[in-house]
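Computed from a prediction, not measured in an experiment: that's the story for all the values here. Every number for a ligand or one of its atoms is a count from 1 in the order of the listing.
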Amino acid sequence: MTTLLTYGAFDLFHIGHVKLLSRFAEMADEVIVGCSSDEFNALKGKTCIMPYEDRANILRACRFVSHVFAEHNWGQKRSDVIEFNADMFAMGADWEGKFDELSDLCDVVYLSHTEGVSTTKLKRRVLHRTPGLRMVG
Ligand code: CTP
């Protein structure tokens, strides 16, 4: 049984998220997702459109995902890898190199990014079409 651990906000769940999670599911028996809590996002200066419970439940409804839990701070990844007995820590390529320090505990991999889509780009497109709205986070 192999376990892969990944993290993200997964706000406005989009095709880049689906493609990444489907590739993770091909790499491991279990894909566990740490979804950033609203409090953690606030700490990072990030504002999600969807609250944590919605983002987490959408992830739970995705067939590539086995388990979802809340990420509350930058420091918990190391203890999560140990707690979940993860074989792999995996992120999209926009995080390349950022979590290499976990490689003493498990394999650390970065998969190529889906070009042309992101939560930020989706928010910009909505704003562009809706005069009067302001960009947040
Ligand atoms: N991701 C991806 N391809 C994309 C967008 C995101 O593979 N086009 C990956 C990220 O690398 C990350 C995971 O999806 O491992 C969750 O990313 P998240 O930050 O929630 O999504 P983004 O669309 O990148 O959000 P934002 O624009 O707010 O940074």
Side-chain angles (χ1 to χ4, degrees):
M1 186 83 168
T2 52
T3 300
L4 182 153
L5 184 58
T6 191
Y7 293 82
F10 295 94
D11 190 25
L12 304 180
F13 196 73
H14 59 65
I15 194 65
H17 296 148
V18 172
K19 286 186 176 171
L20 187 76
L21 293 168
S22 77
R23 287 163 73 205
F24 287 166
E26 285 170 7
M27 294 162 57
D29 299 310
E30 269 197 317
V31 175
I32 299 182
V33 182
C35 180
S36 54
S37 68
D38 296 328
E39 295 73 20
F40 184 38
N41 285 334
L43 206 73
K44 292 191 285 187
K46 193 178 174 93
T47 310
C48 282
I49 301 290
M50 298 170 158
Y52 168 78
E53 278 307 328
D54 292 1
R55 290 180 284 115
N57 280 329
I58 288 165
L59 282 164
R60 287 185 186 109
C62 173
R63 68 188 158 97
F64 306 120
V65 173
S66 317
H67 178 64
V68 181
F69 67 100
E71 181 185 26
H72 295 292
N73 58 67
W74 287 110
Q76 77 184 69
K77 292 190 177 72
R78 179 161 279 274
S79 52
D80 291 343
V81 168
I82 294 166
E83 186 185 328
F84 290 111
N85 204 12
D87 301 282
M88 257 174 282
F89 179 95
M91 296 291 290
D94 50 330
W95 292 96
E96 184 85 50
K98 297 279 181 355
F99 300 107
D100 289 355
E101 79 272 7
L102 298 171
S103 59
D104 60 324
L105 295 176
C106 64
D107 290 339
V108 178
V109 295
Y110 306 94
L111 295 196
S112 60
H113 214 236
T114 301
E115 287 305 316
V117 62
S118 72
T119 301
T120 306
K121 283 191 172 132
L122 287 174
K123 285 198 239 176
R124 291 217 173 100
R125 281 174 60 189
V126 172
L127 283 176
H128 185 67
R129 287 163 199 207
T130 316
L133 283 186
R134 271 187 317 112
M135 187 80 177
V136 286

Heteroatom distance test (Tyr7, ligand 1): nitrogen or oxygen, under 3.5 angstrom | no
Going by the atom numbers of ligand 1, which of them fall below 4.0 Å from some non-hydrogen atom of Lys46?
-> 26 (P), 28 (O), 29 (O)
Say whether Met91, considering both its backbone and side-chain N or O atoms, lies within less than 3.5 Å of an N or O atom on ligand 1.
-> no
Rounded to the nearest 0.5 Å, how far does CG of Leu21 lie from CZ of Arg63?
-> 11.5 Å
In terms of heavy-atom contacts, Ala90 and Phe24 come closest through CB-CE2, 3.5 Å
Considering distance alone, does some N or O of Asp11 sit under 3.5 Å from an N or O of ligand 1?
-> no
Can you figure out which of Ser36, Cys48, Gly116, Gly92 has its heavy atom closest to atom 15 (O) of ligand 1?
-> Gly92
Cation-pi check, Lys77 onto Phe89 ring (under 6.0 Å, within 45° of axis) = no
Between Phe10 and Phe13, how do the two ring planes meet: parallel, tilted or perpendicular, split at 30° and 60°?
-> tilted
4.0 Å heavy-atom contact, Glu115 with ligand 1 = no
Got an N/O contact under 3.5 Å between Lys121 and ligand 1?
-> no
Any N/O pair Trp95/ligand 1 closer than 3.5 Å = no
Would you call Lys123 a ligand 1 contact, heavy-atom distance under 4.0 Å?
-> no
Is there a side-chain contact between Asn85 and Glu30, using heavy atoms and a 4.5 Å cut-off?
-> no
Any idea which atoms of ligand 1 are less than 4.0 Å away from a heavy-atom of Ala9?
-> 20 (O)
Answer with yes or no whether the side chains of Ser36 and Asn41 bring together a donor and an acceptor at under 3.5 Å.
-> yes
Euclidean distance, Met27 CE relative to Met88 CE, rounded to 0.5 Å = 5.0 Å
Taking the minimum heavy-atom distance to atom 2 (C) of ligand 1, which of Arg124, His14, His113 ranks first?
-> His113
Can you find an N or O of Thr119 that's nearer than 3.5 Å to an N or O of ligand 1?
-> yes
Relative to the ring of Trp95, is the ring of Phe99 parallel (under 30°), tilted (30 to 60°) or perpendicular (over 60°)?
-> tilted
Below 3.5 angstrom, do we get any N/O pair linking Val117 and ligand 1?
-> yes
Parallel, tilted or perpendicular: ring planes of Trp74 versus Phe40, cut at 30 and 60 degrees = perpendicular
Report the part of Lys19 in contact with ligand 1, treating N, CA, C, O as backbone and CB onward as side chain, heavy atoms under 4.0 Å; options are side chain, backbone, both, neither.
-> neither
Which ligand 1 atoms does Ser118 reach within 4.0 Å, using its non-hydrogen atoms?
-> 23 (O), 27 (O)
Distance in Å, Lys121 NZ paired with Leu12 CG, rounded so as to fall on 0.5 Å steps = 14.5 Å
